[in-house]
Amino acid sequence: MDFALSEEQKMLEASLRGFLADRLPMGRRRAIAAAGSGHDAELWTGLVAQGLAGLIIPERHGGAGLGILDAAVAAECLGYHAVPGPFAASVVMASLALQASGTEAQQAAWLPKIASGEVRIAVGFASPVGQTGIAKVALEGTRLSGRVQSAIDGGGATHVLVFLETGQPALAAVDAKGVRATLLASLDRTRPLLDVSLEGAPAIVLSAANDALAARTRVLDAGRVMLAADTLGAAQSMLDQAVAFAKERVQFGRPIGSFQAVKHTLADLATTLEPCRALVWFAAHAQDALPDEARVSALQAKAHLDDVGREVARLATEVHGGMGFTDLQGLHYWWKRIDTNRQLLGTPERCRHEAALVQGWISS
Amino acid sequence: MDFALSEEQKMLEASLRGFLADRLPMGRRRAIAAAGSGHDAELWTGLVAQGLAGLIIPERHGGAGLGILDAAVAAECLGYHAVPGPFAASVVMASLALQASGTEAQQAAWLPKIASGEVRIAVGFASPVGQTGIAKVALEGTRLSGRVQSAIDGGGATHVLVFLETGQPALAAVDAKGVRATLLASLDRTRPLLDVSLEGAPAIVLSAANDALAARTRVLDAGRVMLAADTLGAAQSMLDQAVAFAKERVQFGRPIGSFQAVKHTLADLATTLEPCRALVWFAAHAQDALPDEARVSALQAKAHLDDVGREVARLATEVHGGMGFTDLQGLHYWWKRIDTNRQLLGTPERCRHEAALVQGWISS
Amino acid sequence: MELAYSEQYRALQGEVRAFIAKYGHLSPKPGGGRQRPSKKALDWQKLLLEHGYFARNIPAEYGGFGLPLDVLELAVIAEEIAKGGVYPGIMNQGISMLVPTLLEVGTKEQCAQWIERTIRGEVIWCQGYSEPESGSDLAAARTKADVVDGHFVINGQKIWTSSAHYSDMMFLLCRTEPDQPKHKGLSYLLVPMNAPGIEVRPLVTMTGRATFNETFFTNVRVPTDQIVMGRGEGWHVANVTLKYERLLLGDANRLSARLARIRELMERTNLDGQRVMDIPEYRDRLMRLQGEVMASKYHGLRLLTEQARGEDSGLKRLIVKYNGTLLGYRLSSLAVDVLGAAGLAYDAKDEAAETDEATAWHIDNMYDIGLMIGGGSTNIQKNIIAERGLGLPREPKTAPATRS
Amino acid sequence: MELAYSEQYRALQGEVRAFIAKYGHLSPKPGGGRQRPSKKALDWQKLLLEHGYFARNIPAEYGGFGLPLDVLELAVIAEEIAKGGVYPGIMNQGISMLVPTLLEVGTKEQCAQWIERTIRGEVIWCQGYSEPESGSDLAAARTKADVVDGHFVINGQKIWTSSAHYSDMMFLLCRTEPDQPKHKGLSYLLVPMNAPGIEVRPLVTMTGRATFNETFFTNVRVPTDQIVMGRGEGWHVANVTLKYERLLLGDANRLSARLARIRELMERTNLDGQRVMDIPEYRDRLMRLQGEVMASKYHGLRLLTEQARGEDSGLKRLIVKYNGTLLGYRLSSLAVDVLGAAGLAYDAKDEAAETDEATAWHIDNMYDIGLMIGGGSTNIQKNIIAERGLGLPREPKTAPATRS
């Protein structure tokens with residue numbers, strides 16, 4: 001029994017945090033967000049060099065061959081530093097989809113390119129996943145028509161992967177004929193969404209999975225765990241910033257952190273947030289190793305982190321007083337990140353509903 | 001425009017409060033609750049003398065001829081003083097049911113006896129009203145069979161009034177043949193419930209209403225407003241007790257009310273509770289005067305007070321520290337009263353659902 | 001309990017309706033941005049003033065209508081103007097805060113000099129209270145003004161000066177008596193914004209918009225008679241001003257309107273193939289909020305009644321702002337959730353920002369957080385509710401106290 | 001991340017299972033009331049001690065099993081005993097609080113005198129800390145002990161002395177040095193409950209049951225050597241004791257079991273003709289709580305791992321109790337709501353109280369409030385989390401301070 005990160009996972013975490021603390025000071029984050037493309041070549045190259053893009057891709061395809069728990073550790077770091085750029089969909093979900101539903105040849109063709117950072121794949125669903133918006137795509141032969149309004153990880157996307165209603169993923173280049181991929185000016189400027197319209201767009205359909213819907217669900221759940229881990233990191237960052245601010249900021253002749261109101265607010269947030277880390281770790285570990293627990297834990301991790309994240313975001317901002325409301329402090333990058341994660345791949349209400357279904361507590 | 005109690009209503013309130021402060025010190029409340037009958041002849045006689053039993057009964061039938069708002073003012077006083085004894089059902093709902101569905105002769109026969117305090121009527125429903133438990137009664141001729149598990153105002157009940165599925169109320173004496181009325185040892189010892197089993201019990205059916213279901217709903221909503229008002233009073237009492245305690249109790253060399261944690265808890269409770277009074281007043285007034293607003297306001301008043309009441313009960317108890325957990329302090333009479341009101345005549349979830357239906361926001 | 005207006009007020013209703021029927025076409029569009037009033041707005045303001053639908057209770061000698069205060073009259077006028085869809089008149093910090101402050105503690109000359117031009121919208125004021133290092137602790141202001149040959153010479157920095165970039169004047173809280181204890185060293189000055197040495201820089205907020213400013217003072221000179229009350233009395237004057245800010249009623253109508261918009265949004269938004277209104281977990285949130293909005297609305301009527309009777313509402317009034325801002329935030333949070341993924345497109349920089357539904361709700365949601373922070377933070381409001389409303393003891397002074 | 005036990009622990013699992021298979025029929029029923037252990041319980045306790053399934057890490061010279069601490073072993077034993085449905089051994093304040101305190105700060109003689117008999121269940125202790133006027137502020141204790149010819153003579157009153165009516169001994173915090181500052185005037189005495197002058201009166205709680213007592217002292221005499229550490233060092237000793245109380249892990253298994261019971265209750269309870277589980281507003285509350293219980297459970301595993309490694313868990317450990325008690329309260333509140341009107345029949349006085357489902361849930365719900373209050377109120381726990389866990393500054397001392 002050892003419920004903890006491995007030494008390797010701790011090293012991954014330390015390495016990423018070191019890299020990001022060094023390369024992504026607030027000014028840099030601000031500049032990339034202002035540019036609005038959701039992709040910065042220099043930062044991306046650095047992250048690829050950290051092994052981020054190939055994290056869960058097998059070594060034979062040029063990746064590090066790690067698992068979902070490792071990816072969750074990385075996602076928490078990315079959330080903590082509000083990193084502009086793709087990860088949850090582009091790296092984790094797309095790689096998983098290829099591994100689950102691609103032929104060996106398709107995997108050999110695409111996975112190395114994902115691992116090298118050359119191919120970046122926005123991901124969308126043409127069937128209900130618990131989020132609002134238009135999501136309807138039809139396949140005729142190998143051509144796609146329809147629209148996915150909010151594909152995830154639009155930043156720097158070279159391709160888009162759409163899960164069809166059958167569960168099969170279909171891959172299309174964003175610059176192909178018949179594809180109109182519009183990068184949205186999104187609430188979270190660090191990770192803009194992609195509005196994808198398809199009119200007879202040529203696509204590669206990945207059909208090698210025995211059970212396409214089950215494979216899709218595994219990808220979806222892994223994505224949910226990534227968003228939960230991202231929110232965990234973002235919320236932890238906001239709490240840490242609020243604690244630091246409360247120690248330094250003096251009002252009425254005392255650090256505001258010595259006032260019981262501020263103190264108890266922060267104690268409440270810490271009490272709610274800290275156990276979330278174990279939940280995210282468990283959910284991530286379950287995707288790799290505990291099939292019976294995988295679904296419920298992914299759904300509950302997503303739902304719970306969405307709720308805790310929002311509460312942390314609100315109160316950590318409040319602790320900062322007026323400064324929290326300014327752009328100067330930059331706290332809003334995390335606020336918007338948390339809010340965005342909440343709305344994607346299943347809102348908390350929908351995830352909880354699905355968790356009840358999955359456990360057979362209600363019938364659909 | 002005058003959104004306030006009238007001078008007469010303020011006098012009613014002052015008179016009842018004076019009477020209760022004088023006649024119902026903690027020891028007396030404790031003694032009546034311990035006896036467990038939910039009825040105390042001396043207290044009841046005093047309350048009848050205050051005009052409580054005939055409050056909404058027309059003057060020609062021996063009552064004061066007042067309205068639901070007046071009754072809500074009284075109910076708040078009864079909740080504030082955690083008064084052992086019947087009111088919401090026995091006085092308000094039963095009187096209303098007779099006025100709405102009784103013939104002139106039936107009214108002339110029963111209303112004066114209610115007003116005099118001689119007849120006390122527990123009320124139950126044999127159709128869904130948003131509460132758990134067995135509630136099924138059939139009428140054959142003028143005889144009732146079935147069971148209502150949780151009739152309200154069992155304390156000292158001489159009769160029981162059961163609303164049939166058709167909406168018609170049927171009245172039976174608790175000591176009639178075929179009636180087995182068991183006073184429950186209830187959570188709220190001041191207002192025990194009545195478990196009523198009927199086997200061919202002789203009943204008087206009140207059939208004079210044009211629309212029996214609509215008449216039933218008006219009685220039900222009035223009951224909901226009474227419970228909301230009772231919870232308002234009970235919660236206000238708990239808050240007042242907590243504020244007084246926080247001013248007096250010294251720990252760490254200071255009154256605990258000078259600690260921000262206690263101060264802000266009480267400020268939060270006051271901020272949530274105070275606007276509830278206007279909501280209860282409006283809902284009560286609407287039953288009398290604003291038919292378009294009557295249903296939604298009754299449902300929302302019940303639901304909102306149930307939720308606010310529970311929060312006030314929890315935190316007001318916490319402010320009292322260990323003393324709040326003892327029987328010595330007696331705070332639990334209010335706690336149990338609030339919890340009981342919550343479960344009766346429609347839980348908050350069910351009331352909100354019904355409010356959405358009533359407004360046509362969803363279809364049933 | 002009587003929810004209808006008596007005859008006197010129904011007559012006023014009729015008058016206002018007739019006024020709107022006759023002149024309504026001259027009204028500018030209600031709402032609108034933070035900018036100097038247009039010619040159209042100034043003309044309309046003049047009409048409102050002439051009819052007593054603005055500044056109704058300000059003495060006629062200072063440009064008002066000179067009637068005694070009757071809050072029901074004010075409520076009737078506000079309701080009819082809202083119903084008529086016309087512009088309710090210019091609202092800014094000069095009108096809501098400075099004017100009542102001058103009436104209470106200003107000299108006759110100051111009233112004569114400023115009030116009429118302010119209520120006519122000709123002179124625009126901004127507020128110079130907060131500083132980067134003194135947010136909730138306003139009395140710690142460090143912007144200083146030294147007296148040099150008949151002038152205050154001001155140096156320092158103010159923040160949250162919302163309309164500073166188009167204002168004519170600022171009412172400024174600054175330290176003129178550095179040797180005095182904290183609260184006794186402040187003065188309340190009236191400063192022309194075109195004085196040399198004032199620099200206004202836009203302050204971008206978390207919404208991405210620059211609706212506030214920072215204002216910097218470098219040797220700004222103001223004659224020493226441009227002061228309200230005396231030197232060292234600035235804290236008293238500022239509290240008079242803040243009292244008027246806190247007197248503003250929480251606007252329950254705004255909350256009701258917001259609730260109605262969310263209801264409508266839930267009826268037309270689809271999630272997983274269902275109307276969001278038909279998903280009970282969402283609907284229950286709406287219904288909870290409806291209950292709270294109703295409580296807030298009727299509480300407002302209760303306060304209005306007490307105010308009309310001249311009663312002191314005490315606790316009942318103190319809770320309004322905190323209650324309203326928290327409720328507003330929870331409403332906009334529900335809206336943001338109902339919009340969901342389809343509502344994540346956001347561009348607040350564009351002029352059209354407020355016409356895009358999703359962007360507007362997100363801005364509201366963030367602004368609601370700002371409201372909880374601004375104008376006395378939530379914690380300070382809770383202290384006030386507990387101490388003034390419930391009579392709980394103040395926190396004891398701390399031992400190594402800064403002299404104050 | 002490895003959720004299975006390694007071979008060493010699987011071996012221990014096997015041992016415990018074999019023990020239960022062999023001796024399980026001798027076990028008393030788990031749970032049960034607050035009373036002296038029965039003969040059966042004492043015999044079973046002996047078996048547990050002999051096999052090292054109780055007091056595993058207490059030195060053999062004091063009656064324990066003498067093994068070094070390995071929390072995973074303790075977890076394995078606890079799990080198997082729970083799974084096997086046998087009695088886990090006697091648990092009381094003497095065993096959980098006094099014994100580790102004596103081991104840490106007691107003399108060899110005191111350890112030899114008390115520990116073995118305590119862990120065998122032969123000597124039962126109660127705790128004498130709280131007083132009516134000092135609840136959260138324990139150091140303000142006023143029960144006093146004067147020294148008269150080689151004895152402490154004790155006068156005063158303690159409250160919340162849960163097992164006082166059947167205890168042999170009390171560990172008592174009282175004031176022996178009235179001239180010393182508050183925290184330096186206390187001593188920690190060991191008092192026989194049969195000493196003349198002690199009166200125990202039952203204390204009825206809001207549940208209607210008398211599970212606590214008040215204990216009154218009138219000239220109670222105890223030899224002066226019945227003290228742990230020295231005179232005036234009582235506050236230090238009491239904090240050692242409280243440390244062990246706070247070290248007890250929040251029991252996530254208890255929360256999971258509670259959740260499962262509510263789920264089952266929701267599946268068989270009907271409301272308006274539907275299963276409560278099928279009413280989404282209720283179900284969503286259950287699902288939320290499931291998420292939180294899961295977080296709490298895995299957080300417990302994380303702590304267990306850290307403890308096994310001898311790491312200092314800091315904040316992570318400090319939050320456990322507050323998190324667990326609040327979650328417990330919310331769970332029982334949901335249960336009470338699911339039971340609804342049909343669950344309002346309540347009779348806690350009867351011996352059968354805990355077998356009636358509705359009564360048991362209501363008792364739990366009220367008891368959960370008691371837990372939030374007891375053992376350091378919620379507010380004190382939040383102070384500890386913020387100050388020790390997050391490093392926030394303490395509240396400054398108040399100006400007109402009571403000397404301490």
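Chain naming here is simple, since letters A, B, ... match the order of the sequence lines and numbering starts at 1 in each. Side-chain atoms are counted along with the backbone in the values below, which use heavy atoms only and exclude waters and symmetry mates.
Only the side chain of C:R309 has a heavy atom closer than 4.5 Å to any heavy atom of chain B. Residue C:E395 touches chain B through both its backbone and its side chain, counting heavy-atom pairs closer than 4.5 Å. Proximity to chain B (any heavy atom under 4.5 Å) is restricted, for C:L315, to the side chain, taken from C-beta onward. Neither the backbone nor the side chain of C:E306 has a heavy atom closer than 4.5 Å to any heavy atom of chain B.
Dense packing is recorded around NZ of C:K316, with more than 12 heavy atoms of other residues, nucleotides or ligands lying under 6.0 Å away. Enclosure of atom CZ in C:R394 is not indicated, since only 12 or fewer non-hydrogen atoms of other residues, nucleotides or ligands lie within 6.0 angstrom.
A cation-pi arrangement, defined by a distance under 6.0 Å to the six-membered ring centre and an angle within 45 degrees of its axis, is absent between C:R283 and B:W361.
In this structure the side chain of C:S296 never reaches within 4.5 angstrom of the side chain of B:P275, judged on heavy atoms. Here the side chains of B:M1 and C:E2 are not in contact, with every heavy-atom distance at 4.5 Å or above. Between C:M294 and B:S297, the closest side-chain pair of non-hydrogen atoms falls below 4.5 Å. A heavy-atom distance below 4.5 Å is found between the side chains of C:P396 and B:R254. Using a 4.5 Å heavy-atom threshold, the side chains of C:Q290 and B:V296 count as touching.
Here the closest non-hydrogen pair linking C:L390 and B:A267 is CD1-N, 4.1 Å.
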Working for side chain to side chain contact (heavy atoms under 4.5 Å, CB included), residues B:F3 and C:L3:
CA-CA 6 Å; B:F3 193 96; C:L3 300 188; 3.4 Å; yes

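Listed in order of number, the residues of residues 220-236 of chain B that approach chain C to under 4.5 Å between heavy atoms amount to none. Residues of residues 306-319 of chain B lying within less than 4.5 angstrom of chain C, judged on heavy atoms, are B:D307 in numerical order. Contacts between residues 256-266 of chain B and chain C, counted as heavy-atom pairs separated by less than 4.5 Å, involve B:G257, B:S258, B:Q260, B:K263, B:H264, B:L266.
Chain B forms more heavy-atom pairs under 4.5 Å with one residue of C:L326, C:I385, C:L301, C:L318 than with any other, namely C:L301. Ranked by heavy-atom pairs under 4.5 Å with chain C, the first of B:E349, B:K247, B:R277, B:Q359 is B:K247. Ranked by heavy-atom pairs under 4.5 Å with chain C, the first of B:L305, B:T272, B:T271 is B:T271.
A salt bridge does not link C:R317 to B:E274: none of the charged nitrogens lies less than 4.0 Å from a carboxylate oxygen.
C:D364 meets the side chain to side chain donor-acceptor pair (under 3.5 Å) test with no other residue; sequence neighbours excluded.
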